Amino acid sequence: MPELPEVETVRRGLQPSMEGRIIKAVELGRPDLRFPFPPDFAERIAGTRIRELARRAKFLLGHLDSGECLIMHLGMSGSFRIEGNAGHSAPGSFHYERNDRKAHDHVIFHIDENGTETRVIYNDPRRFGFMDLVPSKQVQDHPFFAKMGIEPLGNALSAELLAKLLAGKATPIKAALLDQRVIAGLGNIYVCEALHLACISPRRRAGSLVRANGCPGSRLSPLVQAIRDVLNEAIASGGSSLRDHRQTDGTLGYFQHQFKAYDREGAACTRKGCDGTIKRIVQSGRSSFYCPSCQR
DNA sequence: AAGGGAGCCTGGCGGC
DNA sequence: TGCCGCCAGGCTCCCT
């Protein structure tokens, strides 16, 4: 499910119920997700206040008053839902009965909201997600963050920087953009979409974009803009809802209705003036969808 | 050194 | 209807 827009959508959905609130207790349904929970995970969180709920790439970061940081990753199939009603649920959200446990509910945060209890529940069928707890000041030293690349929506991303990062790379641009050490937060869907928007073939060698036509950055500026546009539009639409991905209030994201390339094998290219057909190929084990006619 | 493939898990879907 | 194989949004490790 979750690439950057989905994680950002989840963050915004959780913010009212978590930021500034005290976690009264944590219930674990099992000792591990993808990795074991750290020692005394529940005990170290219980009683602390969440100062800030932030995001880095596809990670959620709950900075606690205790000085520790709750690191959460949704993997492929992780999702949160909010139970209980403190009065600020999104319109149309539905409520669960108390103790309405569902299959694969692995972590339950019991949160105090002005005297009433809210439960933030993490559900993850495939268990590729994980949680960890480290001192806030050591987050950037965490193995998952130490070599992490730039935020695609941050000011650091520019055609100039991307040129430096991709220079000399023989790997296909598709794989380079999926590499979290280059840009952190892009996944298979939005790389496909951004490359389509920028008219760049996923098969093109990354380094060849740096000086295309002998003109530095001539193809990277549109790519940078495409990455930003695709992510921002997806966030505005509440993310994509492949399979059962939902926002924290149970509603579905809508961006999948705007896919131009992803999962559209055999369909007509939507670009004005292009009569091509979307094709599916496999690159480093992942599906790439693109239009061979207008993406070069 | 960098790129490709396997592996971690479960559920959903298409095909027979 | 039922079973089987294939596929899936992420990420790391191992091998070439």
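Chain letters run A, B, ... following the sequence lines, proteins first and then strands; every chain starts at 1. Please read these numbers as outputs of a predicted model, since none were measured by experiment.
Under a 4.5 Å side-chain heavy-atom criterion applied to ILVMFWY residues, the cluster that includes A:Tyr290 comprises A:Ile281 as well. Under a 4.5 Å side-chain heavy-atom cut-off, the cluster of Ile, Leu, Val, Met, Phe, Trp and Tyr residues that includes A:Val139 is completed by A:Phe35, A:Phe59, A:Leu61, A:Ile71, A:Phe130, A:Val134, A:Phe144, A:Phe145, A:Met148.
Rounding to the nearest 0.5 angstrom, the gap separating the CG atom in A:Leu162 from the CD1 atom in A:Ile150 is 7.0 Å.
A:Glu117 and A:His110 form a side-chain donor-acceptor contact under 3.5 Å, judged by distance and modelled atom types alone.
With salt bridges taken as basic N to acidic carboxylate O contacts below 4.0 Å, none links A:Asp124 and A:Arg34.
Taking atom CG of A:Leu177 as the reference point, atom P of C:dG9 lies 16 Å away to the nearest angstrom. Distance NZ (A:Lys169) to C1' (B:dG3): 10 Å, rounded to an integer number of Å.
Contacts of A:Arg181 with the nucleic acid, taken as non-hydrogen atoms under 4.0 Å apart, are absent. Using a 4.0 Å heavy-atom criterion, one finds that A:Ala170 contacts the sugar-phosphate atoms exclusively.
Remark: DNA chain C takes part in the stems B:2-8 with C:10-16, B:10-16 with C:2-8, each of 3 or more antiparallel Watson-Crick or G-U pairs, criterion distances under 3.5 Å.
Residue pairs satisfying the ring pair (Phe, Tyr, Trp, His ring centres under 6.0 Å) criterion with at least one member in residues 156-197 of chain A, sequence neighbours excluded, are listed as follows: A:Tyr190-A:Phe255. Pairs of residues two or more places apart, or lying in two chains, that qualify as salt bridge (charged side-chain N to carboxylate O under 4.0 Å, His left out) and include a residue from residues 55-79 of chain A are A:Glu8-A:Arg55, A:Arg44-A:Glu68, A:Arg49-A:Asp65, A:Arg55-A:Glu151, A:Arg56-A:Glu151.
Mapping A:Phe128 and A:Ser284 onto DNA chain B by nearest heavy atom places A:Ser284 at the nucleotide closer to the 5' end.
Evaluation of atom-type donor-acceptor distances gives a pair under 3.5 Å for the side chain of A:Arg126 against the base of B:dC9.
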Are any protein N/O atoms closer than 3.5 Å to N/O atoms in nucleotides 11-16 of chain C? If there are, list each pair with its distance.
{"unit_1": "C:dC11", "atom_1": "OP1", "unit_2": "A:His73", "atom_2": "NE2", "d": "2.7"}
{"unit_1": "C:dC11", "atom_1": "OP2", "unit_2": "A:Lys58", "atom_2": "NZ", "d": "2.6"}
{"unit_1": "C:dC11", "atom_1": "O2", "unit_2": "A:Arg34", "atom_2": "NH2", "d": "3.4"}

